[in-house]
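Have a look at the structure below before the remarks.
Predicted model only: the values in this text are computed from it and were never measured. Chain letters run A, B, ... following the sequence lines, proteins first, then strands; residues in each count from 1.
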Amino acid sequence: MKFLENIVHKMEPKFAKGGKLEKWNPIFESFTTLVFTPAHVTSKGTHIRDGVDLKRTMMTVIIALLPCLLFGIYNTGHWEMVAAAGDRSLDFWSNGGDKMIAGLIVVLPLIVVSYGVGLTIEFIFGMKNGHSLHEGFLVSGLLIPLIMPADVPLWMVGVATAFAVIIGKEIFGGTGMNILNVALLSRAFLFFAYPTSMSGDKVWMAGVENTNVTGFTGSTALGDLASFMSEKPVFENLETFTNNYSLSDSIFGYIPGSIGETSMIAVLIGAAILLITGIGSLRIMASFFAGGLLMGLLMNVVGGNDYIMLPPLYHIALGGFAFGAVFMATDPVTASQTATGKIIYGLVGGMLAILIRVLNPAYPEGVMLAILFMNVMAPIIDHYVVQSNIKRRLKRLKTT
Amino acid sequence: MSEEVKSKAPKEPLFSKKNKKLVTDPLMDNNPVTVQVLGICSALAITVQVEQGVVMGAAVLFVLVLGNLIISLLRNLIPSRIRIIVQLVVVAALVIIVNEVLKAFLPDVSEKLSVFVGLIITNCIIMGRFEAFAMANKPWPSVMDGIGNGLGYAGLLILVAVFREFFGSGSLYGIPILGSPIPTPDSPLGSGLYEMGYMNNNMMILPPMALIIVGIIIWVQRIRNKDLVETH
């Protein structure tokens with residue numbers, strides 16, 4: 001380590017103001033602070049002495065994402081083999097090594113494209129505006145591949161990432177200023193720009209469009225469920241559906257879906273890491289789940305078609321609900337900031353997610369839209385929470 | 001608006017500097033859409049294809065020039081309390097003429113533009129120019145002002161439409177440029193660029209993307225001309 005530090009110190013004057021490579025300072029600084037704690041410290045005012053900065057916060061989130069990533073890679077490999085064999089009853093845990101490699105071949109390019117495009121744009125903006133690389137993209141860059149279907153073309157991921165980083169973040173002033181969650185924005189962009197590559201039953205398993213087995217479709221649980229609202233449902237009724245997708249399969253994640261979101265167990269491990277380190281907000285996570293369960297129960301009481309009667313536990317186990325609640329809704333920049341606001345934000349977000357799912361067949365997955373909507377609403381929620389606080393205190397002041 | 005010119009020297013050449021400025025200003029630095037942010041609604045609605053943009057731009061140009069001329073001629077006769085009604089009558093009459101002409105000679109474009117030709121009546125640019133310029137200026141400068149603003153509006157419409165049609169449908173003015181996305185027995189993905197896996201961007205056809213494109217044009221314009229950046 002000392003050896004590395006020496007090299008860095010030797011290089012520093014070249015990048016400092018007036019140095020030969022002054023223009024490249026943002027890049028230099030980004031890499032050095034990734035490895036070493038920056039030397040500059042706050043000079044006045046009260047401050048907390050702590051090794052945690054934005055970079056280390058982001059690194060913790062990435063560590064929390066690792067279980068999802070690893071499981072996602074394996075799951076992608078598994079379903080690629082299922083698609084090739086045309087047999088859904090393939091044993092999940094056999095042939096592990098092959099599945100891991102097959103999954104890596106699909107997922108790794110997605111990660112490379114997402115980071116490559118995103119960081120390049122960040123560097124360009126950083127050099128133009130003379131600040132160091134913003135750390136926010138470290139997490140967004142990993143989230144983007146995890147919420148993509150396995151079969152999405154790489155160039156689409158690149159376009160979506162560029163759109164999300166420029167329009168979603170840099171225009172507003174970079175990390176910490178964005179209104180919408182960058183990763184979700186990239187997914188929403190793809191969802192509306194290239195709907196055939198982002199929904200339906202052809203995209204969720206790598207290579208499914210080449211399968212020669214007749215009658216095999218690569219549909220997901222949510223897609224099948226949404227078909228209850230159409231003329232020709234995939235399953236006859238809810239019972240045949242639950243026989244096909246058991247609750248434990250959905251919780252463990254042995255189902256097709258976007259790369260990183262299928263396993264609720266992996267998501268919950270990530271949630272535990274976020275909560276123990278104090279980075280994720282328990283208020284948002286808990287209220288988001290509560291909102292989903294509440295809305296699921298409410299829908300059960302109302303009744304209607306088979307989809308509406310789906311048990312609420314299924315709702316939060318299927319699709320990206322848990323992933324969205326833990327990693328997307330808790331984004332500290334776009335979520336509500338006040339304590340009460342966080343609870344309202346999570347509760348309404350969870351309820352909306354289920355509402356969109358069961359009532360709109362065009363959007364089988366409502367979590368993305370629900371969180372984006374709540375991102376927009378978060379400042380308003382905060383405003384009213386603060387206002388009511390002020391009002392309450394003013395009243396107290398008057399009575400004394 | 002700022003370019004209100006009230007009393008002028010009696011004899012001024014037709015294409016004096018001032019008059020020329022009336023035409024050139026709205027094209028760039030005082031563009032009705034990107035700088036004054038007027039007429040946004042129609043810019044979002046009818047810029048899916050270049051052809052629609054061109055026709056719409058021409059229609060607004062026609063209404064704006066003739067309307068400015070008529071209002072300017074009548075400006076001393078219009079009682080100020082009912083001036084809005086008089087202006088509306090003038091626009092409405094002109095828009096009906098435009099609508100009938102389009103229906104007669106360009107029926108398919110007219111069908112695509114549908115209600116938006118009628119909605120030229122409510123286009124803020126037109127009422128804005130009548131109120132701000134034609135009511136206070138002589139006929140000739142008013143005509144020049146109409147030409148400038150009409151062209152500024154049409155230019156932006158066409159610019160937005162070029163982006164939207166190229167990325168949204170892979171064509172320009174109805175002519176396919178990137179090949180055909182329609183699958184044939186030989187190539188299931190279509191021909192040209194589509195064969196390599198390219199796909200049209202559906203979002204470009206939706207109005208939100210038009211708003212984003214207008215926003216990006218405003219962004220680029222303000223980078224080039226720092227005077228336009230609002231301070232607050």
*asked:* As a quick check of understanding, evaluate side-chain contact (heavy atoms from CB on, under 4.5 Å) for A:Y194 and B:N202, giving each step before the final call.
replied: CA-CA 6 Å; A:Y194 308 103; B:N202 215 28; over 6 Å; no
*Count the heavy atoms of every other residue, nucleotide or ligand shown that sit under 6.0 Å from CZ of B:F62, and state whether that count exceeds 12.*
yes
_Looking at A:F373, I'd like to know if its CZ atom is crowded, meaning that more than 12 non-hydrogen atoms belonging to other residues, nucleotides or ligands lie closer than 6.0 Å._
no
*asked:* With heavy-atom distances below 4.5 Å as the criterion, would you say the side chains of B:M203 and A:F191 are in contact?
replied: no
*asked:* Would you say that A:F192 contacts B:I205 through its side chain, given a criterion of any heavy-atom pair below 4.5 Å between the two side chains?
replied: no
*asked:* Is it the case that atom CD in A:Q387 sees more than 12 heavy atoms from other parts of the structure closer than 6.0 Å?
replied: yes
*So which part of B:M209 gets closer than 4.5 Å to some heavy atom of chain A, the side chain, the backbone, both or neither?*
side chain
*asked:* Looking at B:K112, I'd like to know if its NZ atom is crowded, meaning that more than 12 non-hydrogen atoms belonging to other residues, nucleotides or ligands lie closer than 6.0 Å.
replied: yes
*Closest contact, heavy atoms only, B:Y198 versus A:W155*: CA-CZ2, 3.8 Å
*In Å and rounded to the nearest 0.5 Å, what is the NZ to CD1 distance from A:K128 to B:I223?*
7.5 Å
_Chi angles and distances behind the side-chain contact (heavy atoms from CB on, under 4.5 Å) call for A:I167, B:I216_ = CA-CA 9 Å; A:I167 304 290; B:I216 292 174; 3.9 Å; yes
*Where on A:L190 is there a heavy atom nearer than 4.5 Å to chain B: the side chain, the backbone, both, or neither?*
neither
